[in-house]
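Scope of the values below: all heavy atoms of this structure, side chains included, with no hydrogens, waters or symmetry mates. Quick note: residue numbers are just sequence positions, from 1.
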Amino acid sequence: MTESKIAKHVKLIDIDAYSPPQIADKIDKIALVKAKLSIAQTFALGVLAGLYIGIGAQFATLVISDSTLHFGITSIIAGVVFSLGLMLVVIGGAELFTGNCLIIMGYVSKRVTTIEVANNWTVSFSGNFVGSLLMVFLMYNTHQWEFFNHMVGAKALLIANTKVNLSFKFALARGVLCNAMVCLAVWLCFSGRSSADKILSILFPIGGFVASGFEHCVANMYFIPMGIFLSKQPVVVAAAEKMAGKPIDLSLLTWKGFFVNNLIPVTLGNIVGGVILVGIMFWFVYLRPVIKINFNVKQDFFDK
C-alpha cells in the first residue's frame, strides 16, 4: 500500500483547543441562537439552570459542613464541588443568566437586537429564580439539613447570613469579579472539543470564584432563601451558634435583606463583570470591524 492510500484510511482527530478568535466567533453565533429561543424555551431552560446551580450549592454546603481543615483548603473544596452546577448547565444545555451576559457579543456585532437581549436576560433570570426556589423547597423537604446533628443546616444558615450582611459596595465588587470568572469559564468551555475538555475548563474558574468568596446572583437565589427557611428552626440556629462559637444576629436574614442587601447589588455586579470585563473586551479584541484610515496626500504638497 502506498503512503497516499494509507493516508486515506487514517482518520485524524484534532484534539487541539480552539483558538481565541475561533471561540469569539462561536460565541457570537451562539448568541444569535439563544436570542431566537422562544420565551417558553428560555424560561424552561432557565428553571433547569436554577435547579442545576442549586444542586451545586447544596452539594458544596454538605461537603464542607463538618470540615476541620484550613480555611483555604475548605474553600477550594467547596469551589470544586460547586462547579458541578455549571457543568450541568453548560453540558446539559440550560439558560443561566450570568453566562448569558456573553450575548452582549452578538449585540455589539449587530446580530442580536436590544429587545432580544432584554428578553433573554429577563426571562432566563426569572427562570433561574423559580428553579432555585424549587430547589430550596425540595432540599428543605429532604431534611438533609438535619444531617450530622444539624451541622449541614447550620452551615447553610451561616452562609446565607454572611451574604445578607455584606455592604452594597462589597456585594457589588464581589459580583463583578464573580461573573468575570463565570464568563471566562464559559469562554474556556468553547475552546474544548469534548465534554472532558469542558469539565476541566469549568473546574478552576468556578472553584476559584467560590473559594475567593465572590458573589453569584443565581447561587444566592438558593443559598439565601434556604437560610431564611432554616432560620425558623431553633435547633438549626442553636447548631449554627455552636459552630460559630458565638450568638449570631439574624435580623437581616429576611426576604427584604435578600433582595436589597444582596440580590440587587450582586446582579448589577454580575452584569458589569460578564458584559464589560469579558464580553465587550473579547469582542473588541477579536470581532470588532477593522477601521481602515487612508491618508491621501496630494503630490503637489511635496513640491511646495
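When atom types are taken as modelled, the side chain of N261 and the backbone of L253 share no donor-acceptor pair closer than 3.5 angstrom. Listed for the S109 side chain is no donor-acceptor partner under 3.5 Å among the backbone atoms of G106. Using modelled atom types, one side-chain atom of N270 and one backbone atom of C217 make a donor-acceptor pair closer than 3.5 Å. At distances below 3.5 Å, at least one donor-acceptor pair connects side-chain atoms of K198 with backbone N or O atoms of C189. Counting only distance, with no hydrogens or angles, the side chain of K26 and the backbone of F190 share a donor-acceptor pair below 3.5 Å. In this structure a side-chain-to-backbone donor-acceptor pair under 3.5 Å is present from H216 to A219.
Surrounding CG of D66 are more than 12 heavy atoms belonging to other residues, nucleotides or ligands, all under 6.0 Å away. When the shell of 6.0 Å around NE2 of H70 is examined, it contains 12 or fewer heavy atoms from other residues, nucleotides or ligands. Within a 6.0 Å radius of CD1 in I39, no more than 12 heavy atoms belonging to other residues, nucleotides or ligands are found. Around the CZ atom of F129, the shell of radius 6.0 Å holds more than 12 heavy atoms that belong to other residues, nucleotides or ligands. The number of heavy atoms from other shown groups lying within 6.0 Å of CZ (F170) does not exceed 12. In the displayed structure, K29 atom NZ is contacted under 6.0 Å by at most 12 heavy atoms of other residues, nucleotides or ligands. Around atom CZ of F204, no more than 12 heavy atoms belonging to other residues, nucleotides or ligands sit under 6.0 Å away. When the shell of 6.0 Å around CZ of F259 is examined, it contains more than 12 heavy atoms from other residues, nucleotides or ligands.
The line from NZ of K155 to CE of M243 is 5.5 Å long, rounded to the nearest 0.5 Å. T162 OG1 to N262 CG: the interatomic distance, rounded to the nearest 0.5 Å, is 11.0 Å. Note that the CG atom of L88 and the CG atom of L96 stand 11.5 Å from one another [nearest 0.5 Å]. Note that CE of M281 is 8.0 Å distant from CG of L277, once rounded to the nearest 0.5 Å. With values rounded to the nearest 0.5 angstrom, F125 atom CZ is found 10.0 Å from T98 atom OG1. Here CZ of F209 is found 12.5 Å from CZ of R174. Values are rounded to the nearest 0.5 Å.
Considering all non-hydrogen atoms of both residues, L62 and Q144 come closest at CD2-NE2, 4.0 Å. Contact record, V278 with A180: CG2-O, 3.5 Å, taken as the closest heavy-atom pair. The two residues C178 and F214 have their closest heavy-atom pair at CB-CB, 3.6 Å. Of all heavy-atom pairs between A240 and L157, the closest is CB-CD2, 3.7 Å. For P265 against L172, the heavy-atom pair with the smallest separation is O-CD1, 3.4 Å.
For the pair W145/M226, a side-chain contact is recorded, criterion being any heavy-atom separation below 4.5 Å from C-beta on. In this structure, P225 and L133 have side chains that are in contact, with non-hydrogen atoms separated by less than 4.5 Å. You'll find the side chain of I104 stays beyond 4.5 Å of the side chain of W283, heavy atoms only. I53 has its side chain out of reach of N128: every pair of non-hydrogen atoms, C-beta onward, lies at least 4.5 Å apart.
Qualifying side-chain contact (heavy atoms from CB on, under 4.5 Å) partners for T254, counting only residues two or more places apart in sequence or in other chains: K256. Applying the side-chain contact (heavy atoms from CB on, under 4.5 Å) rule to A244 yields the partners L158, K246, I248; only residues at least two apart in sequence or on another chain are considered.
A parallel orientation is assigned to the rings of F282 and Y286, their planes being inclined by less than 30° (bins at 30° and 60°). Classified by interplanar angle (parallel below 30°, tilted 30° to 60°, perpendicular above 60°), the ring pair F97/W121 is perpendicular.
No hydrogens or angles considered: a donor-acceptor pair under 3.5 Å links the side chains of D197 and S194.
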Please evaluate residues E116 and K34 with respect to the criterion salt bridge (Lys or Arg N to Asp or Glu O under 4.0 Å), reporting the C-alpha separation (whole Å), side-chain torsions for both, the decisive distance (0.1 Å), and the verdict.
CA-CA 9 Å; E116 287 172 333; K34 286 179 173 288; over 6 Å; no
